[in-house]
2 protein chains.
Amino acid sequence: MKPLRRTVDLRQANTQVILRHLCFNGSMSRMEISLQTQLSAGMVTNVTSELLQSGVLIEKGLEESSGGRPRTIVDINPRHGYLIGVDLGETQVALELFDLKMNKLCTTLEPVAQEEDMLAQYICILQRGCQNLMMQAGLSPEKILGVGIGVPGIVEHNGQVSVAAPMWNWRSEPVLELVEQAVGLPVYIDNGAKAMTLAESWFGAGRGVQDMAVILIGTGIGAGIITKGALYRGATNSAGEWGHTKIVLHGRQCRCGGQGCLEAYVGAPGILASQREAGGHPQDDQFVAVGQLVDAYQRGDPTAERVMQDLTQVLGIGIANLVNLFNPERIEIGGWAGLLIGGALLDDLTACVKQNALPLSTKELSISLCQLGEDAICTGAACLVLEEFLSANLKFNRGIY
Amino acid sequence: MKPLRRTVDLRQANTQVILRHLCFNGSMSRMEISLQTQLSAGMVTNVTSELLQSGVLIEKGLEESSGGRPRTIVDINPRHGYLIGVDLGETQVALELFDLKMNKLCTTLEPVAQEEDMLAQYICILQRGCQNLMMQAGLSPEKILGVGIGVPGIVEHNGQVSVAAPMWNWRSEPVLELVEQAVGLPVYIDNGAKAMTLAESWFGAGRGVQDMAVILIGTGIGAGIITKGALYRGATNSAGEWGHTKIVLHGRQCRCGGQGCLEAYVGAPGILASQREAGGHPQDDQFVAVGQLVDAYQRGDPTAERVMQDLTQVLGIGIANLVNLFNPERIEIGGWAGLLIGGALLDDLTACVKQNALPLSTKELSISLCQLGEDAICTGAACLVLEEFLSANLKFNRGIY
DNA sequence: AAATATAATTTAATACTTAAAATAAGTCTT
DNA sequence: AAGACTTATTTTAAGTATTAAATTATATTT
């Protein structure tokens, strides 16, 4: 948020306060808004009237009263605008349409082929997918506030927005510009883990937590970090690249070219490699194989036990390092592999973290699993748009400021 | 900074903008303030008149003019208030007195004895030291805005402020309260590395850098992290505990009880241990021994070369991990051992970091040595007080807000 | 139907910012 | 040396914001 220097900025700030409060805490009466935000009643009346008039808010009936005028409930108007969230995956692209209250309205899933020019294919898919969603919901493009995209690469914010993704040989592609031209809607792009972290922080298990980290374990490993209630991006938006931090000096070779990266041990391929080293014979399909490993562990299979214990150790140290550096108040574990592993050994993992991190940093720390399901990345991507709407709102709904 | 909701908050915010601008950019004319802060000329007049009247600012003569009324230069009044900064060390306590422009006025050094009750001794030293400084400068206690203390332990902000320092067997001592009572002045305490980071960010090599990390290598290892131009503290003020992040699985035993901590390899005792492992015979005195090692390395001694190369590797990976997670735009290396090592192999170290961190995070990264000298911790500790003065200023200099 | 209670809006007072006008304080020209 | 000119700073008038208090609205209770 920009520094406030003029009186008109104040109104804008207070409008944001009210809008965000409603967005994160649900509908409520003006009276409650006033009490919870510490804005005066008159203030709330003024701001809400403006927002009611511009259609961002609606009145939603009365509260029960036990004597006295009943409180009128105001809420965000879900139909004031719509958001598209995209999970740009390696094998498929999921697109979801949300209303302004983040209700999921419809979905479309587009398969990805192995082609020469992946970028062209993805742009084509996005164009088709957005059209599809608008058709399904019967919405015209003007009603769409923007398209948020979560990608499995590194998104650089450096003048323009560019994406680097090794598996597609993207070094620094100006994806945002290209997609925006093709789709004809405002586009926001960020790393999938960051998008998911935002979703988890706003609408998942991390509601109201000021400092937390979300850890995403799948084929690759990602992390998103929330500080002071907001996504932490660092200088060029590549903060939180936890997967390739090294925890074993001269350790296992990682696909990134480095040695001893966390990902080489904790990512699904790494876990299966450990299993093979321990004499196990995992299936080819990563998802099935990790599931079987966790099953075997829970049945008490000695090989699986050894593999899982080593995994706990490495992952626990990795998390402890994160905790020592960021001192979050909560860690959330997600991703398909993360949920499988975390479900099986959350207690052991917590113990290992507490053993390896500073006592003062772990005293108030809680470790839990992510709440949002399969479409967390889509939700998070839509949150990128929502964030923009919440901050820039006044530019769209009021005069010249 | 608190959210601004009232019109009076605006004036407070704008006062801070001007005060900070003068503090970090030096004296300048009202005109320049107006241009650089984007506040209107009238605004600057109003705020500066208030600050002139309350004695926080002074007028300091005229600028050269080539036609037209010359600009009057305003500046922070160095004699409006004074700050005491303390470096609470294991062998000695250094106290320094600064004026409001951070000019060092006088110093006192108090030796520390090995006693039963260290806490009582330190409080006694602080009391005596502050008295001493005020005597030397001929100042009454009312003129002292506060005492900032940098301690070599972990300072918890959790309701009250408490300090944990293993070497003195302090688990969670209410040091702030005790010192405040004894000294009779407002006291601010933080970890020494954090204090130093603040100083380096405000008045050292990190001026104007929004995201950076300062690394302190001595007997122990510390780090301080600046994000968005401010010290990053995490949930309970124990963020940045980099020294005990693990980079070698099942590695060398660390004095913290863990295994493979960075400190066990990069802290002075760790470096000397590596030297012994390589067949070297370092002196007993850490400071002398590390100096000799660096000398030997620069003379081309093969053993020293091996030790230093391994050290570069470990330190480089540790920094790379930090870079991957925080994505700073600058890393500064300080501490007595850090300056020795960094001076000798900054280039190798930089190369190692670039090799082990993500290309996107290192593209704009620069690694350099700290600028502030011996008394960086004292300066930083005084900055803790200055920070408070700059933010709370209005509470002291204006009415009831 | 009147009394009472609470919510929401309006009003009157006050504070802050700014653009423009006025004033201050120099240099330059003649 | 006086007046013209230039630029800095202050003052002023207008506009916008917030808030406490008064008012109005809308329910329940008696």
Side-chain angles (χ1 to χ4, degrees), chain A residues 2-18 22 27-53 57-75 394 397-401, chain B residues 2-18 22 27-53 57-75 394 397-401:
Chain A
K2 287 180 201 164
L4 309 186
R5 289 179 185 163
R6 306 177 318 183
T7 47
V8 288
D9 296 334
L10 261 179
R11 174 59 134 274
Q12 174 153 354
N14 287 334
T15 306
Q16 267 194 45
V17 166
I18 290 181
L22 284 172
S27 62
M28 62 181 71
S29 64
R30 290 176 178 78
M31 215 55 212
E32 281 175 295
I33 296 176
S34 166
L35 290 170
Q36 293 173 21
T37 62
Q38 299 187 304
L39 294 168
S40 70
M43 189 61 239
V44 175
T45 292
N46 287 338
V47 173
T48 50
S49 333
E50 276 185 4
L51 291 172
L52 283 165
Q53 189 146 31
L57 296 185
I58 45 172
E59 289 193 334
K60 244 181 80 174
L62 305 175
E63 268 185 350
E64 283 289 304
S65 151
S66 55
R69 177 174 176 176
R71 301 176 173 188
T72 314
I73 294 172
V74 293
D75 196 4
L394 283 248
N397 295 294
R398 305 185 74 223
I400 310 158
Y401 305 126
Chain B
K2 287 178 198 162
L4 309 187
R5 291 182 181 158
R6 305 175 319 186
T7 46
V8 289
D9 296 333
L10 259 182
R11 172 58 71 78
Q12 175 152 354
N14 287 335
T15 306
Q16 266 194 47
V17 166
I18 289 180
L22 284 173
S27 62
M28 63 181 71
S29 64
R30 291 177 178 80
M31 215 55 211
E32 281 175 297
I33 297 177
S34 166
L35 289 170
Q36 292 173 22
T37 63
Q38 299 187 303
L39 293 168
S40 70
M43 189 60 239
V44 175
T45 291
N46 287 337
V47 172
T48 49
S49 339
E50 276 185 5
L51 291 173
L52 284 166
Q53 188 146 33
L57 296 185
I58 46 172
E59 289 191 335
K60 244 181 80 173
L62 305 176
E63 267 185 352
E64 283 289 303
S65 152
S66 55
R69 177 172 175 175
R71 301 177 172 186
T72 314
I73 295 172
V74 293
D75 197 4
L394 282 249
N397 295 294
R398 303 184 76 222
I400 308 158
Y401 305 125

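Labels below follow one simple rule: chain letters A, B, ... track the order of the sequence lines, proteins then strands, and each chain is numbered from 1.
One atom, CG of A/Asp9, and another, P of D/dT16, lie 14 Å apart when rounded to the nearest Å. Taking atom CG on B/Leu57 and atom C1' on D/dT9, their separation rounds to 16 Å, with Å as the unit. The distance between atom CG of B/Asn46 and atom C1' of D/dT10, rounded to the nearest whole Å, is 9 Å. Atom CD1 in B/Ile18 sits about 14 Å away from atom C1' in D/dT9, given to the nearest Å. Rounded to whole Å, the distance from CE on A/Met43 to C1' on C/dA7 is 18 Å. If you take CD of B/Glu63 and P of C/dA25, they are 17 Å apart, rounded to a whole angstrom. What separates CE of A/Met31 from P of C/dA7 is a distance of 5 Å, to the nearest Å. In this entry the distance linking CD of A/Glu59 with C1' of C/dA8 reads 10 Å, nearest Å.
To the nearest 0.5 Å, atoms CG (B/Asp9) and CD (B/Gln16) are separated by 10.5 Å. If you take CG on A/Leu39 and CD1 on A/Ile33, they are separated by 9.0 Å, rounding to the nearest 0.5 Å.
Of the candidate nucleotides C/dA8, D/dT9, C/dT18, C/dT18 has the atom lying nearest to any side-chain atom of B/Ser40. Checked against D/dT18, C/dT17, D/dT10, the side chain of B/Ala41 finds its nearest nucleotide in D/dT10. Taking the side chain of A/Thr45 as heavy atoms from C-beta on, and the options C/dT10, D/dT26, C/dG26, the nearest nucleotide is C/dT10. Residue A/Leu10 has its side chain nearest to D/dA17 when only C/dT6, D/dA17, D/dA8 are considered. Listed nucleotides: C/dA8, D/dT9, D/dA27. Nearest to the side chain of B/Ser29: D/dT9. Distances from the side chain of A/Arg11 to the nucleotides D/dT18, D/dT26, D/dA8 place D/dT18 closest. Counting only heavy atoms from C-beta on, A/Thr7 has its side chain closest to D/dA17 among D/dA17, D/dT9, C/dA15.
Residue contacts shown for B/Leu39 are absent, as no nucleic acid heavy atom lies under 4.0 Å away. Residue contacts for A/Ser49: at a heavy-atom cut-off of 4.0 Å it reaches no nucleic acid atom on any strand shown.
No donor-acceptor distance shorter than 3.5 angstrom exists from the side chain of A/Asn46 to the backbone of A/Met43, with no hydrogens or angles considered. Put simply, the side chain of B/Glu50 never gets that close to the backbone of B/Val47: no donor and acceptor are under 3.5 Å apart.
More than 12 heavy atoms of other residues, nucleotides or ligands shown are found within 6.0 angstrom of CD on B/Gln36.
One finds a salt bridge joining A/Glu59 and A/Arg30 here, because a Lys/Arg side-chain nitrogen approaches an Asp/Glu carboxylate oxygen to under 4.0 Å.
Between A/Asn14 and D/dA17 there is no side-chain polar atom (N or O) within less than 4.0 angstrom of OP1 or OP2. Within the 4.0 Å cut-off from OP1 or OP2 of D/dA8, at least one side-chain nitrogen or oxygen of B/Arg71 is found. Side-chain N/O atoms of A/Arg69 include none lying less than 4.0 angstrom from OP1 or OP2 on C/dT9.
Looking at which nucleotide of DNA chain C each of B/Leu62 and A/Thr48 is closest to, the 5′-most match is held by A/Thr48.
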